[in-house]
Amino acid sequence: MNAIEVAAVVHRYGERRALDDVSFDVRSGEIFGLLGPNGGGKTTLFRILTTLMAPTGGAARVLGHDCVQDARAVRAKLGVVFQSPSLDPKLRVRENLWYHGALYGLHGRDVRARTADRLARVGLTERALDKVEDLSGGLRRRVELAKGMLHDPDVMILDEPSTGLDPGARRDLWEYLGSLRERDGVTSLVTTHLMEEAERCDRLAILDEGRLVALGTPDELRARIGGAIVTLGAPDSEALQRALLDRFKIPSTLVDDTLRFEHEDAQALLPKLFAAFGAKITTVSVGRPTLEDVFIQATGHKFWSADA
Amino acid sequence: MSGLRGAYALVERELVRFFRQPNRVAGAIGQPLIFWLLFGAAFRSSFRMPGGEESYAQFFLPGVAVLITLFTAIFSTISIIEDRNQGFLQGVLVAPIGRGWMVLGKIVGGTVLAVLQAGIFLLLAPTVGIALSPLQFLEAIGVLGLVAFGLCGLGFCIAWRMDSTQGFHAIMSVFLMPMWLMSGSFFPSEGLHPVLGWMLKLNPLTYGVTGLRHALGMTGSPSSAVCVGVTALFAVLMFVFALRLASRPAKGDLR
(Lines give C-alpha, C1' and ligand atoms only; values in the text may rest on other atoms or scores of the structure.)
Protein backbone atom coordinates (compact mmCIF):
# COMPACT_ATOMS: atom_id res chain seq x y z
CA MET A 1 0.00 0.00 0.00
CA ASN A 2 1.14 3.50 -0.67
CA ALA A 3 1.88 5.52 2.44
CA ILE A 4 0.56 8.74 0.94
CA GLU A 5 -1.68 9.27 -2.04
CA VAL A 6 -2.28 12.67 -3.52
CA ALA A 7 -5.00 12.40 -6.15
CA ALA A 8 -5.82 15.35 -8.41
CA VAL A 9 -5.61 17.79 -5.53
CA VAL A 10 -6.68 21.33 -6.27
CA HIS A 11 -6.63 24.15 -3.79
CA ARG A 12 -7.69 27.73 -4.28
CA TYR A 13 -7.29 30.67 -1.96
CA GLY A 14 -9.96 32.88 -3.46
CA GLU A 15 -8.89 33.33 -7.06
CA ARG A 16 -5.35 32.12 -6.63
CA ARG A 17 -4.68 28.48 -7.38
CA ALA A 18 -2.17 27.30 -4.84
CA LEU A 19 -2.39 23.69 -6.05
CA ASP A 20 -3.44 22.80 -9.55
CA ASP A 21 -4.31 19.16 -10.16
CA VAL A 22 -1.40 17.63 -8.26
CA SER A 23 -1.15 13.83 -8.16
CA PHE A 24 1.58 11.55 -6.84
CA ASP A 25 2.06 8.60 -4.51
CA VAL A 26 4.61 8.09 -1.77
CA ARG A 27 5.51 4.44 -1.37
CA SER A 28 5.75 2.80 1.98
CA GLY A 29 9.23 3.18 3.47
CA GLU A 30 10.33 5.95 1.15
CA ILE A 31 12.00 9.20 2.02
CA PHE A 32 10.15 11.46 -0.33
CA GLY A 33 11.09 15.06 -1.02
CA LEU A 34 8.73 17.84 -1.93
CA LEU A 35 10.93 20.40 -3.59
CA GLY A 36 10.00 23.82 -4.77
CA PRO A 37 10.42 27.53 -4.20
CA ASN A 38 8.50 29.28 -1.46
CA GLY A 39 5.03 29.97 -2.76
CA GLY A 40 5.19 26.90 -4.99
CA GLY A 41 2.46 25.05 -3.12
CA LYS A 42 4.50 22.93 -0.70
CA THR A 43 3.05 24.48 2.42
CA THR A 44 -0.50 24.19 1.12
CA LEU A 45 0.03 20.51 0.45
CA PHE A 46 1.59 20.11 3.89
CA ARG A 47 -1.51 21.60 5.50
CA ILE A 48 -3.81 19.32 3.52
CA LEU A 49 -1.84 16.19 4.36
CA THR A 50 -1.68 17.08 8.06
CA THR A 51 -5.50 17.56 8.10
CA LEU A 52 -5.28 21.24 8.98
CA MET A 53 -7.10 22.18 5.81
CA ALA A 54 -9.45 20.48 3.35
CA PRO A 55 -8.50 20.74 -0.33
CA THR A 56 -10.93 22.50 -2.67
CA GLY A 57 -10.84 19.49 -4.98
CA GLY A 58 -9.35 16.01 -5.23
CA ALA A 59 -8.34 13.80 -2.34
CA ALA A 60 -5.32 13.16 -0.14
CA ARG A 61 -4.92 9.88 1.74
CA VAL A 62 -2.48 8.70 4.38
CA LEU A 63 -2.21 4.89 4.67
CA GLY A 64 -5.54 4.66 2.90
CA HIS A 65 -7.36 7.08 5.21
CA ASP A 66 -8.87 10.17 3.67
CA CYS A 67 -7.40 13.35 5.15
CA VAL A 68 -10.83 15.02 5.35
CA GLN A 69 -13.35 12.23 6.01
CA ASP A 70 -11.10 10.19 8.21
CA ALA A 71 -8.98 12.90 9.76
CA ARG A 72 -8.79 11.28 13.19
CA ALA A 73 -7.28 8.08 11.77
CA VAL A 74 -4.79 10.11 9.74
CA ARG A 75 -3.79 12.15 12.78
CA ALA A 76 -3.13 9.03 14.83
CA LYS A 77 -0.75 7.61 12.21
CA LEU A 78 1.05 10.82 11.39
CA GLY A 79 4.09 12.39 13.02
CA VAL A 80 4.25 16.06 12.15
CA VAL A 81 7.23 18.37 12.40
CA PHE A 82 6.23 21.95 11.74
CA GLN A 83 8.46 24.56 10.24
CA SER A 84 7.29 27.11 12.79
CA PRO A 85 7.60 26.25 16.47
CA SER A 86 4.87 24.14 18.08
CA LEU A 87 6.28 23.91 21.58
CA ASP A 88 5.13 25.63 24.74
CA PRO A 89 8.07 27.87 25.65
CA LYS A 90 7.02 28.10 29.30
CA LEU A 91 7.20 24.36 29.80
CA ARG A 92 10.26 22.21 30.29
CA VAL A 93 11.49 20.09 27.41
CA ARG A 94 10.23 16.82 28.84
CA GLU A 95 6.91 18.34 29.90
CA ASN A 96 6.31 19.38 26.33
CA LEU A 97 6.81 15.79 25.27
CA TRP A 98 4.66 14.36 28.06
CA TYR A 99 1.71 16.59 27.31
CA HIS A 100 2.11 15.98 23.62
CA GLY A 101 2.11 12.24 24.32
CA ALA A 102 -1.13 12.56 26.27
CA LEU A 103 -2.80 14.05 23.20
CA TYR A 104 -1.87 10.80 21.45
CA GLY A 105 -3.20 8.64 24.27
CA LEU A 106 0.22 7.88 25.79
CA HIS A 107 0.61 8.02 29.53
CA GLY A 108 2.44 6.92 32.64
CA ARG A 109 5.66 5.00 32.49
CA ASP A 110 5.29 4.50 28.75
CA VAL A 111 5.36 8.18 27.87
CA ARG A 112 8.24 8.83 30.28
CA ALA A 113 10.30 6.03 28.76
CA ARG A 114 9.56 7.23 25.24
CA THR A 115 10.45 10.79 26.16
CA ALA A 116 13.77 9.72 27.62
CA ASP A 117 14.50 7.58 24.56
CA ARG A 118 13.64 10.26 21.98
CA LEU A 119 15.56 12.95 23.85
CA ALA A 120 18.59 10.64 23.95
CA ARG A 121 18.28 10.04 20.23
CA VAL A 122 18.39 13.77 19.47
CA GLY A 123 21.11 14.33 22.05
CA LEU A 124 19.05 16.38 24.49
CA THR A 125 19.02 14.18 27.57
CA GLU A 126 20.88 16.79 29.59
CA ARG A 127 18.43 19.54 28.64
CA ALA A 128 15.27 17.62 29.57
CA LEU A 129 14.62 19.87 32.56
CA ASP A 130 15.31 23.15 30.79
CA LYS A 131 12.44 25.36 29.79
CA VAL A 132 12.02 25.48 26.05
CA GLU A 133 12.32 29.27 26.07
CA ASP A 134 15.89 28.88 27.38
CA LEU A 135 16.99 26.74 24.42
CA SER A 136 18.65 27.97 21.25
CA GLY A 137 16.75 27.77 17.98
CA GLY A 138 18.65 24.70 16.82
CA LEU A 139 17.99 22.82 20.05
CA ARG A 140 14.31 23.70 19.88
CA ARG A 141 14.18 22.16 16.42
CA ARG A 142 15.55 18.97 17.89
CA VAL A 143 12.83 18.98 20.52
CA GLU A 144 10.30 19.35 17.70
CA LEU A 145 11.78 16.28 16.05
CA ALA A 146 11.71 14.28 19.26
CA LYS A 147 8.10 15.33 19.73
CA GLY A 148 7.10 14.37 16.19
CA MET A 149 8.28 10.80 16.63
CA LEU A 150 7.17 10.28 20.22
CA HIS A 151 4.16 8.15 19.33
CA ASP A 152 5.98 5.96 16.78
CA PRO A 153 4.14 7.29 13.74
CA ASP A 154 4.07 5.21 10.56
CA VAL A 155 4.43 8.30 8.43
CA MET A 156 6.41 11.42 9.25
CA ILE A 157 5.66 14.69 7.53
CA LEU A 158 8.33 17.31 8.04
CA ASP A 159 8.00 20.89 6.82
CA GLU A 160 11.45 22.33 6.10
CA PRO A 161 12.89 20.37 9.02
CA SER A 162 16.43 21.65 8.68
CA THR A 163 15.45 25.29 9.14
CA GLY A 164 17.75 26.68 11.81
CA LEU A 165 19.89 23.54 12.10
CA ASP A 166 23.64 23.81 11.75
CA PRO A 167 25.27 21.52 9.17
CA GLY A 168 26.14 18.87 11.74
CA ALA A 169 22.62 18.72 13.12
CA ARG A 170 21.26 18.68 9.58
CA ARG A 171 23.36 15.64 8.76
CA ASP A 172 22.16 13.99 11.99
CA LEU A 173 18.57 14.67 10.99
CA TRP A 174 18.94 12.91 7.66
CA GLU A 175 20.76 10.01 9.22
CA TYR A 176 17.97 9.80 11.71
CA LEU A 177 15.29 9.70 9.02
CA GLY A 178 17.31 6.97 7.32
CA SER A 179 17.54 4.95 10.53
CA LEU A 180 13.79 5.32 11.16
CA ARG A 181 13.19 3.82 7.78
CA GLU A 182 15.69 0.98 8.19
CA ARG A 183 14.61 0.03 11.66
CA ASP A 184 10.90 0.78 11.78
CA GLY A 185 9.93 1.12 8.13
CA VAL A 186 8.82 4.70 8.67
CA THR A 187 7.89 6.68 5.58
CA SER A 188 8.99 10.32 5.53
CA LEU A 189 7.75 13.17 3.43
CA VAL A 190 10.03 16.17 3.67
CA THR A 191 9.41 19.57 2.15
CA THR A 192 12.55 21.47 1.31
CA HIS A 193 13.93 24.22 -0.82
CA LEU A 194 17.50 22.98 -0.44
CA MET A 195 18.95 21.07 -3.39
CA GLU A 196 21.47 19.24 -1.24
CA GLU A 197 18.61 17.86 0.86
CA ALA A 198 16.64 16.92 -2.20
CA GLU A 199 19.64 14.85 -3.29
CA ARG A 200 19.24 12.68 -0.20
CA CYS A 201 15.63 11.74 -0.95
CA ASP A 202 14.65 8.45 -2.58
CA ARG A 203 12.23 10.25 -4.84
CA LEU A 204 11.26 13.81 -5.43
CA ALA A 205 8.28 15.80 -6.58
CA ILE A 206 9.03 19.29 -7.79
CA LEU A 207 6.23 21.80 -7.32
CA ASP A 208 6.18 25.15 -9.03
CA GLU A 209 3.31 27.61 -9.02
CA GLY A 210 1.02 24.90 -7.76
CA ARG A 211 1.80 22.40 -10.49
CA LEU A 212 3.75 19.17 -10.29
CA VAL A 213 6.54 19.77 -12.81
CA ALA A 214 8.73 16.72 -12.21
CA LEU A 215 8.59 13.42 -10.34
CA GLY A 216 11.25 10.73 -9.95
CA THR A 217 14.49 9.73 -8.25
CA PRO A 218 17.21 12.39 -8.23
CA ASP A 219 19.16 10.33 -10.80
CA GLU A 220 16.13 9.90 -13.05
CA LEU A 221 15.45 13.59 -12.94
CA ARG A 222 19.02 14.45 -13.80
CA ALA A 223 19.03 11.88 -16.58
CA ARG A 224 16.18 13.79 -18.21
CA ILE A 225 18.85 16.31 -19.05
CA GLY A 226 21.02 14.43 -21.53
CA GLY A 227 24.42 16.05 -21.65
CA ALA A 228 26.17 18.80 -19.79
CA ILE A 229 24.81 22.13 -18.72
CA VAL A 230 26.48 25.11 -20.35
CA THR A 231 26.19 28.56 -18.83
CA LEU A 232 27.27 31.64 -20.75
CA GLY A 233 27.67 35.14 -19.42
CA ALA A 234 27.54 38.03 -21.86
CA PRO A 235 27.22 41.83 -21.72
CA ASP A 236 24.23 41.61 -24.06
CA SER A 237 22.80 38.25 -23.20
CA GLU A 238 19.57 38.69 -25.17
CA ALA A 239 21.44 39.34 -28.38
CA LEU A 240 23.61 36.31 -27.71
CA GLN A 241 20.49 34.22 -27.06
CA ARG A 242 19.12 35.17 -30.51
CA ALA A 243 22.45 34.55 -32.20
CA LEU A 244 22.77 31.18 -30.54
CA LEU A 245 19.40 30.17 -31.89
CA ASP A 246 20.05 31.54 -35.40
CA ARG A 247 23.55 30.20 -35.96
CA PHE A 248 23.64 27.01 -33.86
CA LYS A 249 19.94 26.17 -33.57
CA ILE A 250 20.41 25.99 -29.81
CA PRO A 251 17.49 27.24 -27.70
CA SER A 252 18.61 28.58 -24.35
CA THR A 253 17.05 29.89 -21.20
CA LEU A 254 17.87 33.36 -19.96
CA VAL A 255 18.29 33.19 -16.20
CA ASP A 256 19.60 36.15 -14.26
CA ASP A 257 21.42 37.59 -17.28
CA THR A 258 23.15 34.33 -18.08
CA LEU A 259 22.24 31.86 -20.78
CA ARG A 260 21.76 28.22 -19.92
CA PHE A 261 21.32 25.25 -22.18
CA GLU A 262 22.09 21.58 -22.23
CA HIS A 263 24.31 20.04 -24.85
CA GLU A 264 25.39 16.50 -25.68
CA ASP A 265 28.96 17.37 -26.49
CA ALA A 266 29.90 20.60 -24.81
CA GLN A 267 33.65 20.12 -25.28
CA ALA A 268 33.36 20.15 -29.04
CA LEU A 269 30.86 22.99 -29.02
CA LEU A 270 32.77 25.52 -26.95
CA PRO A 271 35.60 26.29 -29.43
CA LYS A 272 33.00 26.87 -32.13
CA LEU A 273 31.12 29.29 -29.90
CA PHE A 274 34.27 31.26 -29.20
CA ALA A 275 35.14 31.31 -32.87
CA ALA A 276 31.71 32.67 -33.66
CA PHE A 277 31.10 35.12 -30.82
CA GLY A 278 34.54 35.81 -29.36
CA ALA A 279 34.43 38.74 -26.99
CA LYS A 280 30.64 38.72 -26.82
CA ILE A 281 31.03 35.92 -24.28
CA THR A 282 32.55 36.92 -20.97
CA THR A 283 32.15 33.80 -18.82
CA VAL A 284 31.63 30.12 -19.55
CA SER A 285 30.91 27.19 -17.31
CA VAL A 286 30.18 23.57 -18.09
CA GLY A 287 28.81 21.23 -15.49
CA ARG A 288 27.05 18.00 -14.74
CA PRO A 289 23.33 18.68 -14.43
CA THR A 290 22.10 19.39 -10.91
CA LEU A 291 18.60 19.24 -9.55
CA GLU A 292 18.51 22.97 -9.95
CA ASP A 293 19.06 22.48 -13.67
CA VAL A 294 16.19 20.01 -13.66
CA PHE A 295 14.07 22.63 -12.01
CA ILE A 296 15.07 25.30 -14.49
CA GLN A 297 14.40 23.01 -17.40
CA ALA A 298 11.01 22.04 -16.04
CA THR A 299 9.85 25.54 -15.18
CA GLY A 300 11.86 27.90 -17.36
CA HIS A 301 12.95 30.02 -14.46
CA LYS A 302 15.60 29.98 -11.84
CA PHE A 303 14.75 28.34 -8.56
CA TRP A 304 15.12 31.41 -6.43
CA SER A 305 13.62 33.97 -8.74
CA ALA A 306 10.18 32.53 -8.05
CA ASP A 307 10.70 33.21 -4.38
CA ALA A 308 7.73 34.95 -2.88
CA MET B 1 -10.42 6.96 27.80
CA SER B 2 -7.50 8.44 25.95
CA GLY B 3 -9.46 11.62 25.23
CA LEU B 4 -9.98 12.23 28.93
CA ARG B 5 -6.26 11.81 29.48
CA GLY B 6 -5.49 14.33 26.77
CA ALA B 7 -7.95 16.78 28.30
CA TYR B 8 -6.39 16.24 31.70
CA ALA B 9 -2.94 16.94 30.26
CA LEU B 10 -4.23 20.24 28.87
CA VAL B 11 -5.66 21.14 32.29
CA GLU B 12 -2.39 20.28 33.99
CA ARG B 13 -0.47 22.35 31.46
CA GLU B 14 -2.75 25.29 32.24
CA LEU B 15 -1.97 25.00 35.95
CA VAL B 16 1.77 24.57 35.45
CA ARG B 17 1.90 27.62 33.20
CA PHE B 18 -0.11 29.66 35.67
CA PHE B 19 2.08 28.96 38.64
CA ARG B 20 5.21 29.69 36.61
CA GLN B 21 3.98 33.20 35.90
CA PRO B 22 3.38 34.70 39.34
CA ASN B 23 2.36 38.05 37.90
CA ARG B 24 -0.78 36.35 36.60
CA VAL B 25 -1.72 35.43 40.16
CA ALA B 26 -1.32 39.03 41.20
CA GLY B 27 -3.26 40.27 38.18
CA ALA B 28 -6.34 38.16 38.69
CA ILE B 29 -6.68 38.59 42.45
CA GLY B 30 -5.03 41.97 42.92
CA GLN B 31 -7.36 44.32 41.09
CA PRO B 32 -10.62 42.86 42.42
CA LEU B 33 -9.19 42.85 45.92
CA ILE B 34 -8.22 46.51 45.64
CA PHE B 35 -11.71 47.33 44.29
CA TRP B 36 -13.24 45.55 47.24
CA LEU B 37 -11.12 47.35 49.82
CA LEU B 38 -11.50 50.77 48.16
CA PHE B 39 -15.20 50.66 47.38
CA GLY B 40 -15.95 48.90 50.63
CA ALA B 41 -14.36 51.79 52.49
CA ALA B 42 -15.67 54.52 50.20
CA PHE B 43 -19.34 53.46 50.29
CA ARG B 44 -19.23 52.50 53.91
CA SER B 45 -21.44 55.34 55.16
CA SER B 46 -23.41 56.25 52.02
CA PHE B 47 -24.49 52.75 50.92
CA ARG B 48 -27.79 51.44 52.14
CA MET B 49 -29.00 48.04 50.95
CA PRO B 50 -32.71 48.25 50.08
CA GLY B 51 -34.59 46.47 52.84
CA GLY B 52 -31.49 45.10 54.53
CA GLU B 53 -28.67 45.71 56.90
CA GLU B 54 -25.83 44.70 54.58
CA SER B 55 -22.73 46.82 54.47
CA TYR B 56 -21.22 47.56 51.08
CA ALA B 57 -18.22 45.35 51.81
CA GLN B 58 -20.64 42.50 52.43
CA PHE B 59 -22.83 43.27 49.45
CA PHE B 60 -19.85 43.62 47.14
CA LEU B 61 -18.14 40.39 48.23
CA PRO B 62 -19.92 37.97 45.84
CA GLY B 63 -19.43 40.45 42.99
CA VAL B 64 -15.71 40.60 43.67
CA ALA B 65 -15.51 36.79 43.72
CA VAL B 66 -17.22 36.76 40.33
CA LEU B 67 -14.86 39.48 39.09
CA ILE B 68 -11.87 37.36 40.07
CA THR B 69 -13.50 34.50 38.18
CA LEU B 70 -14.03 36.73 35.15
CA PHE B 71 -10.44 37.98 35.16
CA THR B 72 -9.06 34.46 35.49
CA ALA B 73 -11.31 33.25 32.70
CA ILE B 74 -10.06 36.10 30.52
CA PHE B 75 -6.41 35.50 31.31
CA SER B 76 -6.63 31.80 30.66
CA THR B 77 -8.62 31.99 27.44
CA ILE B 78 -6.55 34.85 26.09
CA SER B 79 -3.73 32.31 26.10
CA ILE B 80 -5.52 30.57 23.21
CA ILE B 81 -4.39 33.51 21.11
CA GLU B 82 -0.83 33.09 22.37
CA ASP B 83 -1.01 29.34 21.75
CA ARG B 84 -2.06 30.08 18.21
CA ASN B 85 0.59 32.71 17.62
CA GLN B 86 3.37 30.78 19.30
CA GLY B 87 2.42 27.63 17.45
CA PHE B 88 1.54 25.30 20.32
CA LEU B 89 -2.03 25.03 19.06
CA GLN B 90 -1.08 23.65 15.65
CA GLY B 91 0.51 20.66 17.38
CA VAL B 92 -2.74 20.05 19.25
CA LEU B 93 -4.81 20.37 16.08
CA VAL B 94 -2.90 17.63 14.23
CA ALA B 95 -3.15 15.28 17.23
CA PRO B 96 -5.89 12.62 17.27
CA ILE B 97 -7.50 13.98 20.46
CA GLY B 98 -11.16 14.85 19.83
CA ARG B 99 -11.99 18.53 19.58
CA GLY B 100 -14.48 18.17 22.43
CA TRP B 101 -11.76 16.97 24.77
CA MET B 102 -9.49 19.76 23.63
CA VAL B 103 -12.15 22.40 24.36
CA LEU B 104 -12.98 20.75 27.67
CA GLY B 105 -9.31 20.72 28.69
CA LYS B 106 -8.93 24.40 28.01
CA ILE B 107 -12.16 25.42 29.75
CA VAL B 108 -11.68 23.18 32.79
CA GLY B 109 -8.11 24.44 33.15
CA GLY B 110 -9.37 28.02 33.40
CA THR B 111 -12.23 26.96 35.66
CA VAL B 112 -9.93 25.28 38.17
CA LEU B 113 -7.71 28.36 38.33
CA ALA B 114 -10.69 30.68 38.73
CA VAL B 115 -12.32 28.65 41.49
CA LEU B 116 -9.01 28.34 43.28
CA GLN B 117 -8.48 32.09 43.35
CA ALA B 118 -12.05 33.14 44.02
CA GLY B 119 -12.25 30.46 46.71
CA ILE B 120 -9.23 31.88 48.51
CA PHE B 121 -10.84 35.30 48.34
CA LEU B 122 -14.08 33.94 49.87
CA LEU B 123 -12.09 32.93 52.93
CA LEU B 124 -12.01 36.65 53.72
CA ALA B 125 -15.80 36.69 54.17
CA PRO B 126 -15.70 36.33 57.97
CA THR B 127 -13.57 39.49 58.21
CA VAL B 128 -16.59 41.55 57.15
CA GLY B 129 -19.06 39.64 59.23
CA ILE B 130 -20.28 36.98 56.82
CA ALA B 131 -20.11 33.74 58.75
CA LEU B 132 -19.47 30.79 56.46
CA SER B 133 -20.08 27.18 57.38
CA PRO B 134 -17.96 24.60 55.51
CA LEU B 135 -21.10 23.49 53.70
CA GLN B 136 -21.88 27.03 52.57
CA PHE B 137 -18.31 27.41 51.39
CA LEU B 138 -18.58 24.25 49.31
CA GLU B 139 -21.89 25.43 47.88
CA ALA B 140 -20.29 28.74 46.96
CA ILE B 141 -17.40 26.91 45.29
CA GLY B 142 -19.89 24.90 43.29
CA VAL B 143 -21.70 28.00 42.04
CA LEU B 144 -18.37 29.69 41.25
CA GLY B 145 -17.34 26.59 39.30
CA LEU B 146 -20.42 26.85 37.08
CA VAL B 147 -19.90 30.58 36.61
CA ALA B 148 -16.23 30.03 35.77
CA PHE B 149 -17.00 27.26 33.29
CA GLY B 150 -19.49 29.51 31.47
CA LEU B 151 -17.11 32.47 31.42
CA CYS B 152 -14.19 30.36 30.22
CA GLY B 153 -16.43 28.98 27.48
CA LEU B 154 -17.44 32.51 26.52
CA GLY B 155 -13.78 33.55 26.54
CA PHE B 156 -12.93 30.55 24.37
CA CYS B 157 -15.54 31.60 21.79
CA ILE B 158 -14.18 35.15 21.73
CA ALA B 159 -10.52 34.14 21.57
CA TRP B 160 -10.74 31.26 19.12
CA ARG B 161 -10.78 33.32 15.95
CA MET B 162 -8.74 36.22 17.20
CA ASP B 163 -5.21 36.83 16.07
CA SER B 164 -4.22 39.52 18.55
CA THR B 165 -4.56 39.89 22.29
CA GLN B 166 -5.31 43.61 21.80
CA GLY B 167 -8.60 42.66 20.18
CA PHE B 168 -9.50 40.64 23.24
CA HIS B 169 -8.70 43.56 25.53
CA ALA B 170 -11.08 45.74 23.51
CA ILE B 171 -13.87 43.20 23.94
CA MET B 172 -13.08 42.94 27.60
CA SER B 173 -13.55 46.70 28.05
CA VAL B 174 -16.74 47.15 26.07
CA PHE B 175 -18.43 43.82 26.68
CA LEU B 176 -17.11 41.72 29.53
CA MET B 177 -16.61 44.47 32.12
CA PRO B 178 -20.07 46.01 31.49
CA MET B 179 -21.49 42.50 31.68
CA TRP B 180 -20.02 42.22 35.14
CA LEU B 181 -21.13 45.73 36.20
CA MET B 182 -24.70 44.94 35.10
CA SER B 183 -24.98 41.70 37.04
CA GLY B 184 -26.07 42.98 40.42
CA SER B 185 -22.50 42.71 41.61
CA PHE B 186 -21.61 46.40 41.87
CA PHE B 187 -25.01 47.90 42.70
CA PRO B 188 -28.17 46.21 43.98
CA SER B 189 -30.76 45.13 41.45
CA GLU B 190 -33.68 46.52 43.48
CA GLY B 191 -35.35 49.80 42.55
CA LEU B 192 -33.60 50.27 39.21
CA HIS B 193 -34.94 51.99 36.12
CA PRO B 194 -36.96 49.33 34.18
CA VAL B 195 -34.47 49.34 31.28
CA LEU B 196 -31.56 48.65 33.61
CA GLY B 197 -33.69 46.11 35.43
CA TRP B 198 -34.27 44.22 32.22
CA MET B 199 -30.62 44.37 31.29
CA LEU B 200 -29.82 42.72 34.58
CA LYS B 201 -32.50 40.08 34.02
CA LEU B 202 -31.12 39.22 30.57
CA ASN B 203 -27.55 39.05 31.76
CA PRO B 204 -26.62 35.43 32.53
CA LEU B 205 -23.99 36.62 34.97
CA THR B 206 -26.72 38.12 37.18
CA TYR B 207 -27.82 34.59 38.00
CA GLY B 208 -24.28 33.60 38.89
CA VAL B 209 -23.86 36.54 41.27
CA THR B 210 -27.28 35.99 42.86
CA GLY B 211 -26.67 32.27 43.10
CA LEU B 212 -23.47 33.01 44.96
CA ARG B 213 -25.35 35.38 47.30
CA HIS B 214 -27.74 32.55 48.14
CA ALA B 215 -24.87 30.19 48.78
CA LEU B 216 -23.30 32.71 51.16
CA GLY B 217 -26.57 33.04 53.07
CA MET B 218 -27.47 36.46 51.65
CA THR B 219 -30.83 37.46 50.19
CA GLY B 220 -31.58 37.76 46.49
CA SER B 221 -34.06 36.98 43.78
CA PRO B 222 -34.71 34.87 41.80
CA SER B 223 -34.44 31.75 43.88
CA SER B 224 -31.31 29.72 44.31
CA ALA B 225 -32.62 26.92 42.07
CA VAL B 226 -33.36 29.30 39.19
CA CYS B 227 -29.94 30.93 39.54
CA VAL B 228 -28.08 27.64 39.52
CA GLY B 229 -30.20 26.37 36.63
CA VAL B 230 -29.61 29.42 34.43
CA THR B 231 -25.89 29.44 35.26
CA ALA B 232 -25.56 25.76 34.41
CA LEU B 233 -27.50 26.24 31.18
CA PHE B 234 -25.22 29.13 30.22
CA ALA B 235 -22.17 26.95 30.90
CA VAL B 236 -23.50 24.15 28.71
CA LEU B 237 -24.43 26.55 25.90
CA MET B 238 -21.00 28.16 25.94
CA PHE B 239 -19.35 24.75 25.76
CA VAL B 240 -21.50 23.78 22.79
CA PHE B 241 -20.71 27.05 20.98
CA ALA B 242 -17.00 26.68 21.71
CA LEU B 243 -17.04 23.12 20.41
CA ARG B 244 -18.82 24.13 17.23
CA LEU B 245 -16.32 26.91 16.61
CA ALA B 246 -13.33 24.69 17.27
CA SER B 247 -14.64 21.92 15.02
CA ARG B 248 -14.51 24.12 11.96
CA PRO B 249 -11.08 25.03 10.67
CA ALA B 250 -10.17 28.64 11.40
CA LYS B 251 -7.97 30.65 9.12
CA GLY B 252 -5.49 31.15 11.91
CA ASP B 253 -5.00 27.39 12.36
CA LEU B 254 -2.52 27.68 9.56
CA ARG B 255 0.73 29.31 10.19
Side-chain angles (χ1 to χ4, degrees), chain A residues 11 13 18 43-44 46-54 62 65 67-68 70-92 95-108 110-111 131-133 140 143-144 147-148 150-151 153 157 159, chain B residues 1-25 75-76 78-106 108-109 113 163 246-255:
Chain A
H11 195 82
Y13 295 108
T43 303
T44 304
F46 172 84
R47 289 168 179 173
I48 291 171
L49 286 171
T50 54
T51 73
L52 283 174
M53 197 165 81
V62 173
H65 301 289
C67 289
V68 179
D70 215 357
R72 283 281 281 281
V74 172
R75 288 172 190 156
K77 309 255 179 194
L78 216 54
V80 182
V81 176
F82 293 95
Q83 183 181 3
S84 53
S86 70
L87 302 169
D88 185 333
K90 298 277 177 217
L91 295 182
R92 301 182 202 286
E95 288 168 341
N96 260 289
L97 268 64
W98 291 347
Y99 293 141
H100 173 80
L103 302 178
Y104 285 80
L106 305 174
H107 60 95
D110 180 35
V111 77
K131 280 191 202 165
V132 166
E133 64 188 357
R140 286 185 205 186
V143 182
E144 299 272 358
K147 186 175 97 139
L150 190 69
H151 59 286
I157 297 191
D159 193 13
Chain B
M1 288 292 267
S2 69
L4 187 62
R5 232 168 231 132
Y8 176 72
L10 291 176
V11 173
E12 194 182 306
R13 163 180 181 254
E14 208 70 34
L15 300 183
V16 169
R17 277 176 66 93
F18 180 82
F19 289 110
R20 284 203 188 141
Q21 302 172 81
N23 50 344
R24 276 180 64 185
V25 185
F75 286 146
S76 76
I78 222 168
S79 70
I80 293 171
I81 301 170
E82 287 169 20
D83 285 348
R84 200 184 272 293
N85 291 345
Q86 290 177 348
F88 179 80
L89 187 64
Q90 61 184 353
V92 179
L93 291 175
V94 300
I97 181 177
R99 290 287 195 263
W101 293 112
M102 179 193 80
V103 175
L104 196 67
K106 191 74 198 177
V108 170
L113 289 176
D163 56 5
S247 302
R248 278 184 308 225
K251 203 172 87 200
D253 293 354
L254 321 163
R255 67 179 59 244

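Worth knowing before you read on, the calculation uses all heavy atoms, side chains too, and leaves out hydrogens, waters and symmetry mates. Model, not experiment: these values are computed from the prediction. Numbers restart at 1 for each chain; the letters A, B, ... are given by sequence-line order, proteins then strands.
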Atom CZ of A/F46: over 12 foreign heavy atoms under 6.0 Å: yes
State, to 0.1 Å, how close A/S86 and B/G91 come at their nearest heavy-atom pair, and which atoms those are. CB-N, 4.3 Å
Are the side chains of A/S84 and B/Q90 in touch, meaning some heavy atoms are under 4.5 Å apart? yes
Select one option (side chain, backbone, both, neither) describing which atoms of B/E82 are under 4.5 Å from chain A's heavy atoms. neither
Applying side chain to side chain contact (heavy atoms under 4.5 Å, CB included) between B/V94 and each of A/L103, A/L52, A/L49, report the one that passes. A/L52
Polar side-chain atom of B/R5 near backbone of A/H107 as donor-acceptor pair, under 3.5 Å: no
Pick from A/Q83, A/K90, A/E144, A/K147 with the largest number of heavy-atom pairs that fall under 4.5 Å of chain B: A/K90
Nearest heavy-atom approach of B/L93 to A/R75 is O-NE, 3.4 Å
Need one label for A/K77: side chain, backbone, both or neither, based on atoms under 4.5 Å from any heavy atom in chain B. neither
For A/E133 and B/Q86: C-alpha separation, side-chain torsions, deciding distance, then whether side chain to side chain contact (heavy atoms under 4.5 Å, CB included) applies. CA-CA 11 Å; A/E133 64 188 357; B/Q86 290 177 348; over 6 Å; no
Sort A/E95 into side chain, backbone, both or neither according to what part of it lies under 4.5 angstrom from a heavy atom of chain B. side chain
Okay, A/L87 and chain B: the region with an atom under 4.5 Å from a heavy atom over there is backbone
